Amino acid sequence: MEKLRLNFDSEILGSPRSYVVEVPYQDGIVATSEFCPTEFISGGIELMAAVRGESLDKFMADCRMQLLAMSKMNEAETELDRHIGGLMAVVMEHLGRNKEILFGDLLLYIDCFSLLLKAAGFKNDEIREIYPRVTKTIVDLYPGYVNSAAVGS
């Protein structure tokens, strides 16, 4: 598996900003689950089966959507708030299109969010702590809309 370095440019509060995301890549698939707690994705399956990902094009589109939403946020008090706002905008857009979100799809969006946090300079330990909290918050906010089935759209 090779490592890809992907550069995403955005404008945050009128200033250009660049995020470099490094991800494992093989056969057109980006491994996204670096920060996802294993128990969220393994379901009792051995660890190797817990690595999850999506196509490079889909991953890049997901990251760009979050960054676009972040670029439009003027009211965020902290950088973390801005990232969370970007994630929530993407989740809300998904719910608007599909009326539900599969848990696996939610995790892919949170994977992108986490990798963008890393690119923004957040420490790995911080991200590992934030990931389950953000996941729980979204599931608690939308209990009737998060479907526990596998990845879908």
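Only heavy atoms go into these numbers, but all of them, side chains included; no hydrogens, no water, no symmetry mates. As the structure is a computational prediction, the values presented were derived from the model and not from experiment.
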Query raised in the report: With side chains defined as the heavy atoms from C-beta onward, is the minimum distance between Val146 and Glu100 less than 4.5 Å?
Result: no
Query raised in the report: Do you see a donor-acceptor pair shorter than 3.5 Å between the side chains of Asp111 and Ser33?
Result: no
Query raised in the report: Any link between Leu102 and Ile29 through a network of hydrophobic side chains (Ile, Leu, Val, Met, Phe, Trp, Tyr) touching at under 4.5 Å?
Result: no
Requested in this report: Please name the pair of heavy atoms, one in Ala119 and one in Val20, separated by the smallest distance, quoted to 0.1 Å.
Outcome: CB-O, 3.2 Å
**Report entry** For the student: nearest non-hydrogen atoms of Gly53 and Thr32, plus distance
**Finding:** CA-OG1, 3.8 Å
Query raised in the report: For the side chain of Asp105 and the backbone of Ile101, is there at least one donor-acceptor N/O pair under 3.5 Å apart?
Result: no
Report summary line: Tightest non-hydrogen contact, residues Phe59 and Glu54, listed as CA-OE2, 3.3 Å
Report task. Before giving the answer on side chain to side chain contact (heavy atoms under 4.5 Å, CB included), spell out for Leu115 and Glu34 the whole-Å C-alpha distance, their side-chain angles and the decisive distance to 0.1 Å. Result -> CA-CA 8 Å; Leu115 291 165; Glu34 177 179 352; 3.5 Å; yes
Query raised in the report: Hey, what do you get for CE (Met92) to OH (Tyr145), rounding to the nearest 0.5 Å?
Result: 9.0 Å
**Report entry** Shortest non-hydrogen contact between Ala31 and Met1, atoms and distance
**Finding:** CB-SD, 4.4 Å
Query - Phe8 side chain near Arg64 side chain, heavy-atom distance below 4.5 Å - result: yes
Query - Side-chain donor-acceptor pair present, Asp81, Thr78, cut-off under 3.5 Å - result: yes
Query - side chain to side chain contact (heavy atoms under 4.5 Å, CB included) between Leu87 and Tyr109, intermediate numbers included - result: CA-CA 7 Å; Leu87 170 63; Tyr109 290 136; 3.8 Å; yes
Query raised in the report: Would you say Ile110 and Leu141 are hydrophobically clustered, going by side-chain heavy atoms of ILVMFWY under 4.5 Å?
Result: yes
Report task. Verify the neighbour count for atom CZ of Phe122: are there more than 12 heavy atoms of other residues, nucleotides or ligands below 6.0 Å? Result -> yes
Requested in this report: First locate atom OG of Ser18, then atom CD of Glu11, and finally report the distance between them rounded to the nearest 0.5 Å.
Outcome: 13.0 Å
Requested in this report: Would you mind reporting whether Thr137 and Val139 have side-chain heavy atoms less than 4.5 Å apart?
Outcome: no
Report summary line: Between Phe113 and Ile84 the two heavy atoms that sit nearest each other are CE1-N, 3.7 Å
**Report entry** Residue of the set Ser10, Pro16, Ser15 for which side-chain contact (heavy atoms from CB on, under 4.5 Å) holds with Ile12
**Finding:** Ser10
Requested in this report: Go through Leu80 and Leu117 one step at a time and tell me if the side chain to side chain contact (heavy atoms under 4.5 Å, CB included) criterion holds.
Outcome: CA-CA 8 Å; Leu80 179 57; Leu117 285 178; 4.0 Å; yes
Query raised in the report: With a 4.0 Å cut-off, would you call Arg17 and Glu79 a salt bridge?
Result: yes
Query raised in the report: Is there a donor-acceptor contact under 3.5 Å from the side chain of Glu126 to the main chain of Lys123?
Result: yes
Query raised in the report: About how many Å separate CG of Asn147 and CG of Leu106, when rounded to the nearest 0.5 Å?
Result: 11.5 Å
Query raised in the report: Is it true that Arg82 and Glu77 make a salt bridge, defined as a side-chain N closer than 4.0 Å to a carboxylate O?
Result: no
Query - Stepwise side chain to side chain contact (heavy atoms under 4.5 Å, CB included) test for Met70 and Tyr19 - result: CA-CA 12 Å; Met70 287 170 56; Tyr19 297 88; 3.7 Å; yes
**Report entry** Straight-line distance of Asp9 CG to Ser71 OG, nearest 0.5 Å
**Finding:** 12.0 Å
Query raised in the report: Can you tell me how far SG of Cys36 sits from CG of Leu108, rounded to the nearest 0.5 angstrom?
Result: 9.0 Å
Query raised in the report: Is Tyr131 reaching over with its side chain to a backbone N or O of Leu107, donor-acceptor style, under 3.5 angstrom?
Result: yes
Query raised in the report: Which atom pair, heavy atoms only, marks the closest approach of Ala69 to Met73?
Result: O-CG, 3.3 Å
Query raised in the report: Does Arg5 pair with Glu22 as a salt bridge, N-O distance under 4.0 Å?
Result: yes
Query raised in the report: How far does OG of Ser114 sit from NE2 of His83, to the nearest 0.5 angstrom?
Result: 10.5 Å
Query raised in the report: If you group Ile, Leu, Val, Met, Phe, Trp and Tyr by side-chain heavy-atom gaps below 4.5 Å, do Leu68 and Leu6 land in one group?
Result: no
**Report entry** Sub-4.5 Å side-chain heavy-atom contact between Val90 and Met88
**Finding:** no
